[in-house]
Amino acid sequence: MPELPEVEIARRTLVRWFEGRELVRTEATKTRTFRSGTAAPFAKLKGPLTKADRRGKYLMLQFGDEGLMAHLGMTGKFVKRSPGVDEPYSRARFVLDTGEVIHFRDPRLFGEILATKSELLGELPGVKKLGRDPLVDGLDWHQLKDAIGKTKLDLKVALMDQTRLAGLGNIHAAEALFRAGLHPGRKAKSLSDTEWKALARAIHKSLEFGLSEQDGEEIEYVEEPGVENPFLIYGRAGTPCRKCKTKVKSYTQGGRTTHFCPKCQSKKRKP
DNA sequence: ACCGCTGTTCTCCG
DNA sequence: TCGGAGAACAGCGG
């Protein structure tokens, strides 16, 4: 259920898994995962992983001239398994020269894989429309203001609009707003420069935190019983705010649940 | 049994 | 053209 940090970790993990290895063959199960394009280019993939890029929540892998776009959707993830071990909800498989298999596992099928010529990866719809990526392109407060400062959208909705800014999802948009002390329902165009600066910093902090949280040998997003919610505001409705103890509230915004602290994130503009 | 969900895209409407 | 709401995709867990 990935946002930028999880996708970036997936990218790094894939690079590690492919290091010094060759892709021997691919296998695809016929599902919605391959909803665009044709099967032929996917079947052709082989050899060393020559490039692994990420833009927003999209992964773009290259095996020489042949490329692969992968989007994890809500429940997609890559896992590496020993030969012969089957993986529930495996939608695509990458067999390495060691015999190990990297599975694209995706129960809900919101994710997508598309193979095409490497040079066409950047032209794919979805990829092409992406806005600035805070890690790949950098994001200072001027750039942030340029990206979302003109829209009438609610601030949180604007932050999640992948065509304006690529990579933030429901969690990290909420986290960044909490760190910046901004109400998610503020209009994006109403921010003061002080607030833009705070928000730009907060975005970087949230993403950094996400990256540090997720770093590990295996990409693992599964919530385990007893493991505490690592986020400052996301998923904390009804519990005391970590900063001020005020009861955290939530409401629906752009079809998604937004969590915020009414005291720390007042609607009042800070000049 | 019903609801919600770390996402995207589409449609319908004003 | 923009923005808002709702649906669709599909499985699982509370």
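The basis for the numbers below is simple: all heavy atoms, side chains too, and nothing from hydrogens, waters or symmetry mates. Please read all numbers here as calculations on a predicted model, not as lab measurements. Order of the sequence lines sets the chain letters (A, B, ...), proteins ahead of strands, with each chain counted from 1.
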Distance flag, aromatic centroids of A:Phe63 and A:Phe18, threshold under 6.0 Å: yes
Spacing of A:Asp53 atom CG and A:Asp133 atom CG [to the nearest 0.5 Å]: 10.5 Å
More than 12 heavy atoms of other groups within 6.0 Å of A:Lys243 NZ: yes
Test item: side-chain donor near acceptor, A:Tyr89 and A:Glu87, under 3.5 Å: no
Options C:dG4, B:dG4, B:dG7, nucleotide nearest the side-chain atoms of A:Thr257: B:dG4
Shortest side-chain distance from A:Tyr89, nucleotide among C:dC12, B:dT8, C:dG4: C:dC12
Greater than 12 external heavy atoms within 6.0 Å of A:Lys270's NZ: yes
OP1 or OP2 of B:dG7 under 4.0 Å from side-chain N/O of A:Arg256: yes
Touch class at under 4.0 angstrom, heavy-atom based, for A:Lys150 against every strand present: nothing
Touch class at under 4.0 angstrom, heavy-atom based, for A:Gly169 against every strand present: sugar-phosphate
Closest-nucleotide 5' rank along DNA chain C - winner of A:Asp154 and A:Pro107: A:Asp154
Length of the line joining A:Asp106:CG and C:dG11:P, which is rounded to integer Å: 10 Å
Atom pair distance, as rounded to whole Å: CD in A:Glu112 and C1' in C:dA8: 15 Å
Selection from C:dA10, B:dT9, B:dC5 that lies nearest to any side-chain heavy atom of A:Arg32: C:dA10
DNA chain B base-pair string [pairs: Watson-Crick or G-U under 3.5 Å; |: paired with another strand]: .||||.||||||||
Whole-Å gap separating P (B:dG4) and CZ (A:Phe110): 15 Å
Within 6.0 Å of CG in A:Asp65, more than 12 heavy atoms from elsewhere: no
Interatomic distance where CD belongs to A:Gln162 and P belongs to B:dG7 [whole Å]: 8 Å
Contacting residues from residues 52-59 of chain A, given that a heavy atom lies under 4.0 angstrom of DNA chain B: A:Lys57, A:Tyr58
Side-chain N or O of A:Arg164 closer than 4.0 Å to phosphate OP1/OP2 of C:dG3: yes
Inter-nucleotide P distance (B:dT8, C:dT1), Å rounded: 23 Å
A:Arg93, CZ atom: more than 12 neighbouring heavy atoms under 6.0 Å: yes
Which nucleotide in C:dA10, B:dT8, C:dG3 has an atom nearest any side-chain atom of A:Thr151: C:dG3
Whole angstrom value for the distance that separates C1' of C:dA10 from CZ of A:Arg35: 11 Å
Short side-chain N/O contact to B:dT8 OP1/OP2 from A:His71, under 4.0 Å: yes
Spacing of A:Gln253 atom CD relative to C:dG3 atom P, expressed in whole Å: 14 Å
Nearest-angstrom distance from the residue atom CG of A:Leu109 to P of B:dT9: 16 Å
Within the 6.0 Å centroid threshold, strictly below: A:His183 and A:Phe260: yes
Atom pair OG1 (A:Thr163) and CG (A:Leu130), whose distance is rounded to the nearest 0.5 Å: 8.5 Å
Point-to-point distance, once rounded to the nearest 0.5 Å, from CZ of A:Phe178 to SG of A:Cys264: 5.0 Å
Pairwise 5' ranking along DNA chain B for A:Arg108 and A:Lys129, keeping only the more 5' one: A:Arg108
Nearest-Å distance for atom pair CE/C1', residues A:Met74 and B:dG4: 9 Å
